[in-house]
Number of protein chains: 2
Amino acid sequence: MNQKIDNLAKILIEKNIKPSYQRIKILEYLLNKKNHPTVDKIFSDLVKEIPTLSKATVYNTLDLFKEANLTRIVTIENNETRYDAKVSSHGHFKCESCGSIFDFEINIDSFLTDSLEHFKINGKNVYINGICPGCLQKD
Amino acid sequence: MNQKIDNLAKILIEKNIKPSYQRIKILEYLLNKKNHPTVDKIFSDLVKEIPTLSKATVYNTLDLFKEANLTRIVTIENNETRYDAKVSSHGHFKCESCGSIFDFEINIDSFLTDSLEHFKINGKNVYINGICPGCLQKD
DNA sequence: TTTTAAATTTATAATGATTATAAGATAGTT
DNA sequence: AACTATCTTATAATCATTATAAATTTAAAA
């Protein structure tokens, strides 16, 4: 009946995660909005569609997704955790003036040196802060 | 009389920060221990020497240092902010098994692409997670 | 279809890092 | 010494996250 839902469910089942309604909706949200949402943003957006949604469910689900490698935590700020649907490797730029977060392409392996050759690498985060072009122009 | 204290004081004065006893001690701590301490670690270590020390002072001072570019925030975990005395650019590796944090050399500019050419860059963070050699051997 | 058990979701309370506020202490200046 | 601004401290407030237990849903069995 609903092809999209089925595809999302399949993704979850492949990871041994039961495809509950909430989980499908949260996964859909993450795959659609690629703007590193906070838990709060995810919750307040989805609660419009799922009025009974609880913030604990969002936390639980994101934790599940993280374990299953469907989602990664974006390490940008220390006060609010942000999440990304696992996609191609990219870095994050945060503007200190307007607070916007920009993605940028990155050759994720180019900066790895021999010093890590005996380490098992599971994830890479590149985070740059500064002023974005828009805010630079304002000054 | 105390050459070391004088040097630390000078660093602060150059940044227009009044060299109070607490500030000098916190700066000294950061420069000596380069293990990305949390606020809690800094406080509990220093309170032995300065019994009247308040955690609020540690927060205030680190904030001052950050503004003055003496210190940078290490973006590793989201639940506990860690601080580094500003030194040569390096990345951080966190072992998911034992929790240790390793520094590693990086060619900080090699991974910057054209996509950021119109951005003003103030800081760069590279954070990698995985398993360290010691924990790999245990398995 | 009902029953039952397991898993999931929800509401609520607890925790813990950080921030805000105001009172007290300190240092520099006239 | 008195005055003033700054710094430090203690305390309370905030806010994201985690823990807990009850309620609901799901899936399987009878």
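Convention: sequence-line order gives letters A, B, ...; per-chain numbering from 1. Just so it is clear, the values below take in all heavy atoms, side chains as well, and ignore hydrogens, waters and symmetry mates. Please read these numbers as outputs of a predicted model, since none were measured by experiment.
- Here the C1' atom of nucleotide D:dT8 and the CZ atom of B:Arg23 are 9 Å apart, to the nearest Å.
- Here C:dA17 presents its C1' atom at 18 Å from NZ of B:Lys41, a figure rounded to the nearest Å.
- Listed pair B:Thr52 / D:dT9 meets the phosphate criterion, a side-chain N or O lying under 4.0 Å from OP1 or OP2.
- Residues passing the side-chain contact (heavy atoms from CB on, under 4.5 Å) test with A:Asn35 are A:Lys33, A:Pro37, sequence neighbours excluded.
- In this structure, the salt bridge (charged side-chain N to carboxylate O under 4.0 Å, His left out) partners of A:Lys66, at least two apart in sequence or on a different chain, are A:Asp63.
- Distances shown here put every side-chain N or O of A:Gln22 at or beyond 4.0 Å from the OP1 or OP2 atom of D:dT25.
- A search for side-chain contact (heavy atoms from CB on, under 4.5 Å) contacts involving A:Ile101 returns A:His36, A:Ile76, A:Arg82, A:His92, A:Lys94, not counting sequence neighbours.
- The distance between atom CD1 of A:Ile17 and atom P of C:dA6, rounded to the nearest whole Å, is 22 Å.
- Under 4.0 angstrom from either OP1 or OP2 of D:dT9 there lies at least one side-chain N or O belonging to B:Thr57.
- Side-chain contact between A:Val39 and A:Leu62 is present, with at least one heavy-atom pair separated by less than 4.5 Å.
- The interatomic distance linking B:Leu53 (CG) with D:dA10 (C1') rounds to 12 Å, in whole Å.
- Atom P of nucleotide D:dA16 and atom CG of A:Leu62 are separated by 15 Å, given to the nearest angstrom.
- B:Phe43 places its CZ atom 12 Å from the P atom of C:dA17, with the value rounded to the nearest Å.
- Taking 4.0 angstrom as the limit, B:Thr81 places a side-chain polar atom (N or O) nearer than this to OP1 or OP2 of C:dT18.
- With rounding to the nearest 0.5 angstrom, the NZ atom of A:Lys15 is 13.5 Å from the CD1 atom of A:Ile13.
- Separating the NZ atom of B:Lys25 from the P atom of D:dT8 is a distance of 14 Å, rounded to the nearest angstrom.
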Validation: residues 44-57 of chain B side-chain donor-acceptor distances under 3.5 Å, sequence neighbours left out:
unit_1  : atom_1 : unit_2  : atom_2 : d
B:Ser44 : OG     : B:Asp40 : O      : 3.0
B:Ser44 : OG     : B:Lys41 : O      : 3.3
B:Asp45 : OD1    : B:Lys41 : NZ     : 3.4
B:Asp45 : OD2    : B:Tyr29 : OH     : 2.6
B:Asp45 : OD2    : B:Lys41 : NZ     : 2.7
B:Glu49 : OE2    : B:Lys25 : NZ     : 2.9
B:Ser54 : OG     : B:Ala56 : N      : 3.1
B:Lys55 : NZ     : B:Asp40 : OD1    : 2.6

Checklist outcome for this item: Once base and sugar-phosphate atoms are separated, protein heavy atoms under 4.0 Å mark nucleotides 19-30 of chain C, 5' to 3', with B, S and - as B-----------
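- Contacts of A:Leu64 classified as side-chain contact (heavy atoms from CB on, under 4.5 Å), with partners at least two apart in sequence or in another chain: A:Ile17, A:Arg23.
- Regarding A:Ile50, its CD1 atom lies at a distance of 13 Å from the C1' atom of C:dT8, rounded to whole Å.
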